[in-house]
Structures are given as C-alpha cells and as structure tokens.
Amino acid sequence: MQLQIFQVDAFADRVFGGNPAAVCPLESWLDDSTMQAIAYENNLSETAFFVPADGAYTLRWFTPLAEVDLCGHATLASAHVVFQHVRPDADAVAFDTRSGRLHVTRGEDGLTMDFPALAAHPVDAPPADLSAGLGAEPAAVFADMDYLALFESEAQVRAIEPNLTALARLDERRGVIATAPGETADFVSRFFSPRMGVPEDPVTGSAHCMLAPFWASRLGKTTLRAYQASARGGVVHCTVAGDRVRLSGRAVQYLEGTITI
C-alpha cells in the first residue's frame with residue numbers, strides 16, 4: 001500500500017520555522033495501530049490523517065505515543081494540504097473531530113482556525129511535580145485540558161529548563177503551558193507534554209484555546225499577538241469571540257512523499 005504524506009511547517013512563513021506536522025490524506029481509514037505506527041515513525045509532535053465525509057473531512061491527530069482530542073498546528077497543516085492539493089478552489093474547509101466541527105478559512109494574511117475556547121480554572125494546590133518539572137515556582141497555576149503556569153516575566157519563561165521526568169508524572173492533564181506577559185507580543189508561552197511523546201512542542205495552537213481567553217481577560221482586549229518561545233518559535237494571532245477562539249497563522253510545505261507499507 002502507498003500513501004501520500006506531506007510535512008508542513010505551521011505557524012511559520014518560511015521552512016524550518018514554526019511547528020512541523022505530517023499530514024496523510026486518506027480515502028478511507030487505516031486501522032488505529034497503523035496510524036499510530038506511522039506517527040511514531042514520523043517522530044513529529046503530531047501526524048494528522050483526514051478522510052472525506054459529506055462535503056467536509058473527518059480529522060484525527062496522533063502524537064508519537066497517543067491519539068489526542070485537539071491539535072492546532074496539525075489542523076492548520078491539514079487545511080494547507082487541502083487548499084494546496086485537494087481543493088485548490090476552496091477558501092474554507094470544515095473538519096469533524098473529537099472536539100467537534102472545526103472551520104478553517106484562508107485569506108491574504110494566512111489561515112484562520114475557529115476553535116472552542118477553554119476556561120482556565122485556578123488550581124489551589126498544584127502538584128509538586130509541576131514546579132519541580134519547570135524548575136521554578138509559578139506565580140499561579142490554572143488548568144483545563146492542560147496545566148497553565150503563570151510567570152511574571154518573559155525572561156522566566158525563556159529560562160525554563162524542564163525536568164521531563166517530573167512533568168511526565170503529571171498524568172491528570174495533557175501537558176503544561178508556561179506563560180507570561182510578552183516583551184514584544186501580548187504574551188509568550190512554552191508547552192511541554194512528555195507523557196504524550198512531545199518533550200517541548202514548538203508552537204501549540206490548541207494551547208492558545210486556553211491562553212487567548214486567559215490573557216484577553218487579564219489585558220482587557222480580545223485581539224492578541226502571541227509568541228511561543230521555543231527554539232523554532234512561532235507567532236499565533238488570536239481573537240476571542242465568546243466561547244470561540246480564532247487562531248491565525250501561515251503554513252509552508254517542507255516536503256511531499258509516499259509511504260510504502
């Protein structure tokens with residue numbers, strides 16, 4: 001069997017930036033073990049698979065170790081593949097996912113995803129492994145799908161040297177976001193999810209489903225510019241609209257190939 005595969009740098013305006021995702025368009029589903037094996041072989045933070053379904057596409061995401069409920073950068077990458085290779089005449093695409101229907105549109109400024117907003121709930125007694133894993137004591141901790149550790153400065157977030165063994169013990173949540181006010185952006189962040197096979201994710205769209213409403217409330221504005229301060233780095237433009245978050249960025253294709261299995 002031969003399958004198409006694309007690798008796309010999401011939240012980037014050039015190759016080697018942003019967050020790389022693999023994308024496999026399918027005519028019908030492979031068995032779950034095969035998709036998980038492909039994701040493990042790719043060894044990227046996410047591999048996306050989509051299948052046509054009633055004018056839309058059913059989309060699934062896999063880290064090297066597990067299927068996940070929501071992924072931003074691999075959705076952006078999947079939309080890029082649809083627009084460039086599957087439906088070049090389209091300016092909008094809908095994906096049915098574990099997190100409901102997600103819409104992506106394209107315009108002159110790149111691609112915009114419509115995602116659910118997530119509330120950041122205060123955590124009164126954070127687990128000890130959180131501070132141990134980050135090597136620093138956050139000013140406050142919140143949680144939803146992930147833990148959100150709030151720091152006072154961008155310099156503190158950039159200086160984090162994670163203890164991945166400690167962070168991997170935080171099995172109550174998908175991962176840990178470290179965030180602070182930004183120096184040139186409204187806010188900065190980093191994201192760690194070692195128990196999902198992602199030590200540090202370069203640019204995490206889904207984390208901004210919680211980050212954008214969190215910072216919108218604190219800063220008193222609904223349109224924000226975010227920067228994820230990983231080694232590759234990437235900009236995410238965020239707009240908060242009630243219970244939805246619009247996340248915008250560019251995507252660049254790095255490679256196109258064939259998987260033989």
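Because the structure is predicted, anything quoted here is derived from the model rather than measured. Only this structure's heavy atoms are used, side chains among them; waters, hydrogens and symmetry mates stay out. One-based numbering along the sequence shown.
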Gly17 backbone acceptor or donor facing Arg232 side chain under 3.5 Å: yes
Shortest non-hydrogen separation from Leu30 to Met35 and the atoms involved: O-CE, 3.5 Å
Inter-residue atom distance Ser248.OG - Phe11.CZ, 0.5 Å rounding: 8.5 Å
Val51 vs Glu27 side-chain heavy atoms within contact, under 4.5 Å: no
Hydrophobic cluster membership, Phe192 vs Val198, 4.5 Å side-chain cutoff: no
Connected via hydrophobic side-chain network under 4.5 Å: Leu44 and Leu26: no
Verdict with supporting geometry, Phe151 and Ile160, side-chain contact (heavy atoms from CB on, under 4.5 Å): CA-CA 11 Å; Phe151 290 90; Ile160 289 171; 4.0 Å; yes
Distance, nearest 0.5 Å, that separates CG of Leu102 from CG of Leu76: 12.0 Å
Distance (rounded to the nearest 0.5 Å) between Arg195 CZ and Thr165 OG1: 15.0 Å
Near-ring test His85/Phe6, centroid separation under 6.0 angstrom: yes
No-hydrogen, no-angle side-chain donor-acceptor test under 3.5 Å, Ser193 and Arg173: no
Residues Arg250, Asp13; criterion salt bridge (Lys or Arg N to Asp or Glu O under 4.0 Å); working and verdict: CA-CA 6 Å; Arg250 296 188 179 276; Asp13 55 10; 5.9 Å; no
Heavy-atom donor-acceptor pair, Ser217 side chain to Pro213 backbone, under 3.5 Å: no
Heavy-atom side-chain contact between Leu70 and Arg98 under 4.5 Å: no
Polar side chain donor-acceptor pair, Thr75 to Trp61, under 3.5 angstrom: yes
Among Arg174, Glu46, His73, the one residue meeting side chain to side chain donor-acceptor pair (under 3.5 Å) with Ser206: Arg174
Basic-acidic side-chain contact under 4.0 Å: Asp186, Lys221: yes
Pairwise side-chain contact, Leu111 with Thr105, heavy-atom cut-off 4.5 Å (strictly under): no
Trp29 side chain near Thr58 side chain, heavy-atom distance below 4.5 Å: yes
Whether over 12 other heavy atoms sit under 6.0 Å from Asp31 CG: yes
Salt bridge (Lys or Arg N to Asp or Glu O under 4.0 Å) partner of Arg60, the single match among Asp96, Asp69, Asp32: Asp32
Exercise: do Thr258 and Gln2 side chains pair donor with acceptor under 3.5 Å: no
Side-chain donor or acceptor of Gln228 paired with backbone N/O of Asp201 under 3.5 Å: yes
Verify same cluster id: Ile261, Tyr40 (apolar side-chain graph, 4.5 Å): no
Contact summary for Gly233 and Tyr227, nearest pair of heavy atoms: CA-OH, 3.4 Å
Pro64 backbone acceptor or donor facing Gln36 side chain under 3.5 Å: yes
Student check: side-chain heavy atoms of Leu211 and His208 closer than 4.5 Å: yes
Nearest atoms (heavy-atom pairs only) where Ala90 meets Phe83: O-CD2, 3.4 Å
Flag, side chain of Asn19 to backbone of Val203, donor-acceptor distance under 3.5 Å: yes
Within-4.5 Å side-chain heavy-atom neighbours: His80 and Gln253: yes
Distance (rounded to the nearest 0.5 Å) between Leu118 CG and Cys209 SG: 5.0 Å
Check: Thr112 side chain, Leu247 main-chain N or O, donor-acceptor pair, under 3.5 Å: no
Verdict with supporting geometry, Ile38 and Phe62, side-chain contact (heavy atoms from CB on, under 4.5 Å): CA-CA 9 Å; Ile38 291 171; Phe62 291 78; over 6 Å; no
Ring centers of Tyr254, Phe16 separated by less than 6.0 Å: yes
Glu256 atom CD, over 12 foreign heavy atoms within 6.0 Å: yes
Single-linkage hydrophobic cluster, 4.5 Å side-chain cutoff, Leu224 and Ile177 together: yes
Asp146 (side chain) donor-acceptor with Gly175 (main chain) under 3.5 angstrom: yes
Candidate pair Phe142 and Tyr147, rule ring-ring contact (aromatic ring centres under 6.0 Å, His included), full reasoning: CA-CA 6 Å; Phe142 304 82; Tyr147 283 111; over 10 Å; no
side-chain hydrogen bond (donor to acceptor under 3.5 Å, both in side chains) contacts touching residues 116-129 (sequence neighbours left out): Asp129-Arg169
Intermediate values then yes/no, side-chain contact (heavy atoms from CB on, under 4.5 Å), Met196 and Val68: CA-CA 9 Å; Met196 302 297 288; Val68 297; 3.4 Å; yes
Check against side-chain contact (heavy atoms from CB on, under 4.5 Å), Phe49 and Val23: CA-CA 6 Å; Phe49 302 86; Val23 181; over 6 Å; no
Crowding at CD, Glu172 (>12 non-hydrogen neighbours, <6.0 Å): yes
Sidechain-backbone polar pair: Asn163 side chain, Ala166 backbone, donor-acceptor under 3.5 Å: yes
Donor on one side chain, acceptor on other, Ser189 and Thr179, under 3.5 Å: no
Pair Arg190-Thr204, side-chain hydrogen bond (donor to acceptor under 3.5 Å, both in side chains): steps then yes or no: CA-CA 8 Å; Arg190 292 173 67 187; Thr204 314; over 6 Å; no
Ionic contact status for Arg101 with Asp114, cut-off 4.0 Å: no
Euclidean distance, Gln156 CD relative to Leu134 CG, rounded to 0.5 Å: 11.0 Å
Side-chain donor or acceptor of Gln84 paired with backbone N/O of Val81 under 3.5 Å: no
Side-chain heavy atoms of Val93 within contact of Tyr57, under 4.5 Å: yes
Pairwise side-chain contact, Thr239 with Val245, heavy-atom cut-off 4.5 Å (strictly under): no
Which atom of Val188 lies closest to which atom of Glu154, heavy atoms considered: CG1-OE1, 3.4 Å
Which atom of Pro194 lies closest to which atom of Ala168, heavy atoms considered: CG-N, 3.6 Å
Polar side chain donor-acceptor pair, Asn42 to Thr47, under 3.5 angstrom: yes
Hphob cluster co-occupancy, Val141 + Val176, side-chain heavy atoms under 4.5 angstrom: yes
Val104 to Ala79 - nearest heavy-atom pair and separation: CG1-CB, 3.5 Å
